[in-house]
Amino acid sequence: MSLNPVALNVVDAGAIRAVVVRGQQVAAAGYYFGYWFSRRRA
């Protein structure tokens, strides 16, 4: 059973996009937490 290379590329692009979105979410959460933590300590 051989998969279509184009389909594999589409799957890879979807996986990369999901990782990028996840990274942005983690970065945003980290930034928000850092802001909240610094404000709370002040």
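Predicted model only: the values in this text are computed from it and were never measured.
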Quiz item: With sequence neighbours excluded, what pairs up with Tyr31 under the side-chain contact (heavy atoms from CB on, under 4.5 Å) test?
Solution: none
Quiz item: Apart from Tyr32 itself, what residues make up its hydrophobic cluster, given side-chain heavy atom links below 4.5 Å?
Solution: none
Quiz item: Under 30°, 30 to 60°, or over 60°: which ring-plane class applies to Trp36 and Phe33, parallel, tilted or perpendicular?
Solution: tilted
Quiz prompt | With sequence neighbours excluded, residues passing side-chain contact (heavy atoms from CB on, under 4.5 Å) with Val20 | solution = Ile16, Gln24
